[in-house]
Protein chains: 2
Amino acid sequence: MTQPAPRPNLAISAYRQLKRDIIRGVYAPGEKLLMSRLKARYDLGVGPVREALSQLVGEHLVTAVSQRGYRVAAMSEQELNDIYDARAHLEGLMLELAIARGGDEWEADILAKLHTLAKVVEVHNADEMLDVWDARHKAFHHAIVAGCQSPHLLRVRESLFDQAERYRHLWLCETVFSEAALEAKRREHAALVDAILARDSERACERMREHLMTPVPIIREALVARGIV
Amino acid sequence: MTQPAPRPNLAISAYRQLKRDIIRGVYAPGEKLLMSRLKARYDLGVGPVREALSQLVGEHLVTAVSQRGYRVAAMSEQELNDIYDARAHLEGLMLELAIARGGDEWEADILAKLHTLAKVVEVHNADEMLDVWDARHKAFHHAIVAGCQSPHLLRVRESLFDQAERYRHLWLCETVFSEAALEAKRREHAALVDAILARDSERACERMREHLMTPVPIIREALVARGIV
DNA sequence: GAATAAAAAAATATCTACATTTTTTTATTA
DNA sequence: TAATAAAAAAATGTAGATATTTTTTTATTC
């Protein structure tokens, strides 16, 4: 049924690599993205690179000034606060809708993803640990909000998520390798799922908003420690 | 203080024209956007056109399939419902935050924009009437949600707005030229502002959600009438 | 003869290399 | 030092070459 994914063109792979590198912090916030450097790094012509940059401008990960090229979007404590605040409120809203609209398989899917997340232990390699935990954590949160059944709200959430990714990455590094932090997260998730399954909208949304805001102070410190702000 | 707007390059003006044409319905939903036609229509080379299309893909107004070019994003009754539902809930949330966070000048600005909107009468030309009323109507609604003071929520709202524009344009044509419809809108706006100034969050949000959903049946009919769905 | 499959042709999308314009840097002069 | 001019670097744009998809034509099978 599904179309066999067409072989991506160079612009698409340039887009993926560039986005990944920006999120991972390969380029510093505000850094100028020289066409010549990008061409060399990804071994592509200017066309594909330019198209990739155009799309990233649309996602606000890159800024452009006509005739003066492109830069990685800046990071700031102010933006950190605003993104996380916006996300917390948006996901609170989506959870409220999900509790009103979600059915049995919605609940079941949340439990399934919670279980999978709790089982991330057998991994040894540090990088792999980070990737696996992050992927499952994302899947868990996605399962919760997916219950709102609105493709457009889900899309809007994803765009906020993408913009938060650079900040989230700092938090992940602090969290994934601390057993205490992971345990705290486990407890928050359990309490959240508890309220959701009880269909207690008020309590669930409050816990969701709190849960989403906990990384902020940690990230703020990491930003300072790395001299980003 | 403000930078003198740099002269836009061809990609930027291609982007603006293309976006405008898509919103205004120059291209049918789902229509293939031939590179050769676009080049001819806007009198540009492939480079700038491709960059503009890439950005529109990021805004979900255009879809792309690798090696098979670009198409105008489809329109459907389902999407109409979802966009308006998502917007109603999002703007309800933003209004709630605005009532909690907005100060005196927020209230004053809403009143100012309401007044300006009420004064759209001296225009005779039909097209100009539509443009002026729409611009002031937008300004009014923007003034309301701006009180939430979150740049990211405002940006997310704008992206939903852009995606709704094609549907909104159908509604505008039905509304702006009907004195009865305009009068109904005037009353809804007055009731909304009333609840906002009373800082009655619950009532204001309810009225906002209702107000934002009223166009849906009208647009649905217009979609059918024009054979779009 | 109708339906299917294979091959060729046309249309289209994509990419690169080069030319042009603009901005930034460096050097020069008052 | 400030202003100007020259040089270098960078961004932008165009045209043509290449690769892919779609359509048309031709051949084959039932």
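Convention: sequence-line order gives letters A, B, ...; per-chain numbering from 1. None of the values given here were measured: they were computed from a predicted structure.
Taking atom CZ on Arg50(B) and atom C1' on dT14(D), their separation rounds to 15 Å, with Å as the unit. Atom pair Arg37(A):CZ and dA11(D):C1' shows a separation of 16 Å (rounding to whole Å applied). Between the OH atom of Tyr70(B) and the C1' atom of dT21(D) there is a distance of 15 Å, rounded to whole Å. Between the CG atom of Asp43(B) and the P atom of dG13(D) there is a distance of 13 Å, rounded to whole Å. The CG atom of Asn9(B) sits 14 Å away from the C1' atom of dT20(C) (whole-angstrom rounding). Following rounding to the nearest Å, Leu53(A) (CG) and dG13(D) (P) show an atom-to-atom distance of 14 Å. One can place CE of Met35(B) at 17 Å from P of dA11(C), the figure rounded to the nearest angstrom. To the nearest angstrom, P of dT16(C) lies 11 Å from CD of Glu51(A).
Remark: Gln78(A) CD is loosely packed, at most 12 non-hydrogen atoms of other residues, nucleotides or ligands lying under 6.0 Å away.
When distances run from any side-chain atom of Gln67(A) to the nucleotides dG13(D), dT22(C), dC15(C), the shortest one goes to dT22(C). Side-chain proximity of Leu10(A) to dT14(D), dT16(C), dA11(D): nearest is dT16(C). Comparing atom distances between the Leu34(A) side chain and each of dA15(D), dT12(C), dA11(D) picks out dA11(D) as nearest.
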Salt bridge (charged side-chain N to carboxylate O under 4.0 Å, His left out) between Arg155(B) and Glu158(B), worked out: CA-CA 5 Å; Arg155(B) 186 185 276 178; Glu158(B) 206 176 305; over 6 Å; no
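Between Lys32(B) and dT12(C), a side-chain N or O to OP1/OP2 separation shorter than 4.0 Å is absent. OP1 or OP2 of dT22(D) lies within a sub-4.0 Å distance of a side-chain N or O belonging to Arg68(B).
Using bins of under 30°, 30° to 60° and over 60° for the plane-to-plane angle, the ring pair His137(A)/His189(A) lands in the tilted bin.
Within the 4.5 Å cutoff, no side-chain heavy atoms of Leu18(A) are placed close to those of Tyr70(A).
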